[in-house]
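Below: one structure, written as structure tokens.
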Amino acid sequence: MDSYKYTVLLVDDEEEVIQVIMRKINWEGLGFSVIGYATNGVKAFELVEEYQPDVVMTDIKMPYMDGIELAGRIRTEYPATKILFFTGFDDFEYAKEAVHLEAEEYILKPVNSVEMTNVFTRMKIKLDQEISEKRNTETLQRYYLESLPLLQANFYSTLIEGRIREEELPKYLADCQISLPGPYFCCLVIHTSASRAPQNMNPMLLSTSVQKQARERLGEKWRAKFFTYLGNTVLIAQMGTENEVSELTDECDRFCRYVRRMIEAVVTVGIGEVCENILDLSQSYAGAREAVSYRGIYGATRAINIKEIAPQEIRGAGNTGEEAMTNLFKMIRLGSEEEVSQAVERYWKQISLPEISLQQHHIAVMEMVSALYRFSANNEIEMEQEPFLENMGELYVRLLDLEPEALKKWLLETSLLFREKLIRARSRSTKSFVVKAMEYVRSHYADEEISLDQVCEVLGVSSSYFSTIFKKETGNSFIGYLTDFRMEQAARLLIGTNEKSYIIAKQVGYADPNYFSYVFKRKYGVSPSKYRTEHTEK
């Protein structure tokens, strides 16, 4: 705590006043560092957006944006930042009336180093206390418990997506305070028809009501875990024996008829395969979703057990290597090269049994090729080179001619190529939104209201993540880039047109022509009018 330096931003329209304050105070000894200063409120707020200082010490009477307006904007957008006013007596009385700004201190000019030292000593104590409270174990525990339902729902979603590794599972269960003793598990999808909802009934409210009824009627007996995923209620049931799934199916069937009678909801419950391993619930979920899709054949308002409607497919699934292929795709997305190689070995053992017939081998190769094509399409992998230069039929014929070891080698090379392309795609995605941000600036720089938060909302990313990536990719802050771009456009208009300076200011996003001139001079060292004269003289 003692080694932490809090950051301070100084704001005064008289730069010599700022320099005096910086010299008079032993900032480091007080536990602070001055990250910068500004001579007007607009520039100050740009620095607040970029650096988010712990403390802003500001004068009141300043050009473009006074200290009261600056404090108001900081209080709204960066409430954790502390505000200190230092100003003349008349403005001091005015500032005291603005009690809603909750300024920490009011300091009268001329600045007294002793008084200033006392103020920042008190400020250091207050900031330390706030950090201590944030780190307080009881506070963190309370926040943790409040966020636990969200953490649990995220765990269940990740589980059924097959994105949890076996070695990670105990930590997930402990962190989310989840108990799944089993010993058998089954995933159910509860689908409520939105198109057949009662008249004047909101489909979301109806689905919520169905989930509530399911908790009451199915939750306790089946030690069920409920969560919402892709618009449906998903239920993880726990059973003592594998055969209890028949009883579960019957109860779900009765439940569907019950909610139809009581709240006029048309509900279909899909029931997946029973499994002993928690990680196999991803396969059970896939079966439950498939079962729900059969409602067009078997009718809604009923429970559909995937094992009952497609028993032959389920029994034969183990020999197709489907589970091993799913694991291979998981490793391509998340694993190392070694893990991809191991997953290829496991899959190969599934499809290359000694007793396999020629026809079964042909089917296995066809299914492998089809699965790889689907994976590349679903993950937007562009296969402009090997291994997919041929169409699927030609590739299938070529692979059938390969010896087993050559075929396995082809599969490994293809899998590693997919992995490499996905890694490059993830890297491109960060660069992509930086490019999009730059394109947004080029299209909207004339908009006076454009801001970091606005761009982040358009891109769908957090401002902290965006700022970090933008600075890393461009070497400039977003606000800095926006200002530079506007100034470049202004310079071009000054040389290429005869428009008045205040017109050009508005065209590049500045409502205040005086502030535009200030920023322009800061960028080019001369006023806009002088810049035009210097660059148009023959």
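The figures here come from the full heavy-atom set of this structure, side chains too, leaving out hydrogens, waters and symmetry mates.
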Would you give the length of the straight line joining atom OG1 of T233 to atom CD of Q211, rounded to the nearest 0.5 angstrom?
-> 4.0 Å
Contact check, side chains of R75 and I83, non-hydrogen atoms, under 4.5 Å = yes
Measure the acute angle between the ring planes of F329 and F375, then classify it against the limits of 30° and 60° as parallel, tilted or perpendicular.
-> parallel
Say whether, by atom type as modelled, one donor and one acceptor occur between the side chain of R532 and the main chain of I495 under 3.5 angstrom.
-> no
If you measure only the distance, is there a donor-acceptor pair under 3.5 Å linking the side chains of D54 and T7?
-> yes
Any Lys/Arg nitrogen of K212 or E216 sitting under 4.0 Å from an Asp/Glu carboxylate oxygen of the other?
-> yes
Which atoms form the tightest heavy-atom contact between F418 and S376, and what is the distance?
-> CZ-CB, 3.9 Å
Report the C-alpha separation of R223 and I236 in whole Å, then their side-chain angles, then the decisive distance to 0.1 Å, and conclude whether the side-chain contact (heavy atoms from CB on, under 4.5 Å) test is met.
-> CA-CA 8 Å; R223 295 171 288 152; I236 296 175; over 6 Å; no
Is any side-chain heavy atom of V48 less than 4.5 Å from a side-chain heavy atom of V56?
-> yes
In terms of ring plane angle, is the pair H444 and Y440 parallel, tilted or perpendicular, where the classes change at 30° and 60°?
-> parallel
Centroid-to-centroid, Y481 to F478, below 6.0 Å?
-> no
Provide the closest heavy-atom pair for F470 versus S477 in the form atom of the first, atom of the second, distance.
-> CE2-O, 3.7 Å
Side-chain contact, heavy-atom cut-off 4.5 Å: D12 with M62?
-> no
If every non-hydrogen atom of C176 is compared with every non-hydrogen atom of L151, which pair is closest and at what distance?
-> SG-O, 3.8 Å
Using a cut-off of 6.0 Å, state whether more than 12 heavy atoms not belonging to N498 lie near its atom CG.
-> no
Check step by step if side-chain contact (heavy atoms from CB on, under 4.5 Å) holds for N26 and T117.
-> CA-CA 8 Å; N26 179 10; T117 298; over 6 Å; no
Spatial distance of atom CD1 (I21) from atom CE (M57) [nearest 0.5 Å] = 4.5 Å
Quick check: are there more than 12 heavy atoms from other residues, nucleotides or ligands sitting under 6.0 Å from CD of E16?
-> yes
Do the side chains of K43 and M65 get nearer than 4.5 Å, heavy atoms only?
-> no
Would L188 and V234 count as a side-chain contact (heavy atoms from CB on, under 4.5 Å) if you check the C-alpha gap in whole Å, the side-chain angles of each, and the deciding distance to 0.1 Å?
-> CA-CA 6 Å; L188 286 69; V234 180; over 6 Å; no
Is R419 salt-bridged to E339, cutoff N-O under 4.0 Å?
-> no
Give a yes or no on whether a salt bridge exists between D66 and K61, defined as a side-chain N under 4.0 angstrom from a carboxylate O.
-> no
Apply the test salt bridge (charged side-chain N to carboxylate O under 4.0 Å, His left out) to residues K523 and D484: give CA-CA distance (whole Å), side-chain angles for both, the deciding distance (0.1 Å), then the verdict.
-> CA-CA 8 Å; K523 169 75 174 175; D484 287 347; 3.4 Å; yes
Hey, does E46 have a side-chain heavy atom less than 4.5 Å from the side chain of E50?
-> no
Find out whether L84 and T58 are in side-chain contact, i.e. whether some heavy atom of one side chain is under 4.5 Å from a heavy atom of the other.
-> no
Test side-chain contact (heavy atoms from CB on, under 4.5 Å) on Y285 and Y229 and set out the steps.
-> CA-CA 11 Å; Y285 168 74; Y229 185 75; 3.2 Å; yes
Report the residues that fulfil salt bridge (charged side-chain N to carboxylate O under 4.0 Å, His left out) with K24, sequence neighbours left out, ordered by chain and then residue number.
-> none
Kindly confirm or rule out a cation-pi arrangement of R486 over Y445, judged by NZ or CZ under 6.0 Å from the six-membered ring centre and within 45° of its axis?
-> no
Between S517 (side chain) and P513 (backbone), is there a donor-acceptor pair under 3.5 Å?
-> yes
Look at the rings of Y6 and F32 and say which category their plane angle falls in: under 30° parallel, 30 to 60° tilted, over 60° perpendicular.
-> tilted
Mark yes when over 12 heavy atoms from residues, nucleotides or ligands other than E338 sit less than 6.0 Å from its CD; otherwise mark no.
-> no
Check whether any side-chain heavy atom of E49 lies under 4.5 Å from a side-chain heavy atom of Y78, and answer yes or no.
-> yes
Can you establish whether the number of heavy atoms outside E488 located under 6.0 Å from its atom CD is more than 12?
-> yes
In terms of heavy-atom contacts, does CD of E449 have more than 12 from other residues, nucleotides or ligands at under 6.0 Å?
-> no
Any side-chain heavy atom of V34 sitting closer than 4.5 Å to one from L10?
-> yes
Take atom CD of E28 as the centre, draw a 6.0 Å sphere, and report whether it contains more than 12 heavy atoms from other residues, nucleotides or ligands.
-> no
ring-ring contact (aromatic ring centres under 6.0 Å, His included) with Y515: which of F45, Y502, F520, Y64?
-> Y64
Would you call K506 and E448 a salt bridge, using N to O less than 4.0 angstrom?
-> yes
Expected output: side-chain T497 to main-chain L493 donor-acceptor under 3.5 Å = yes
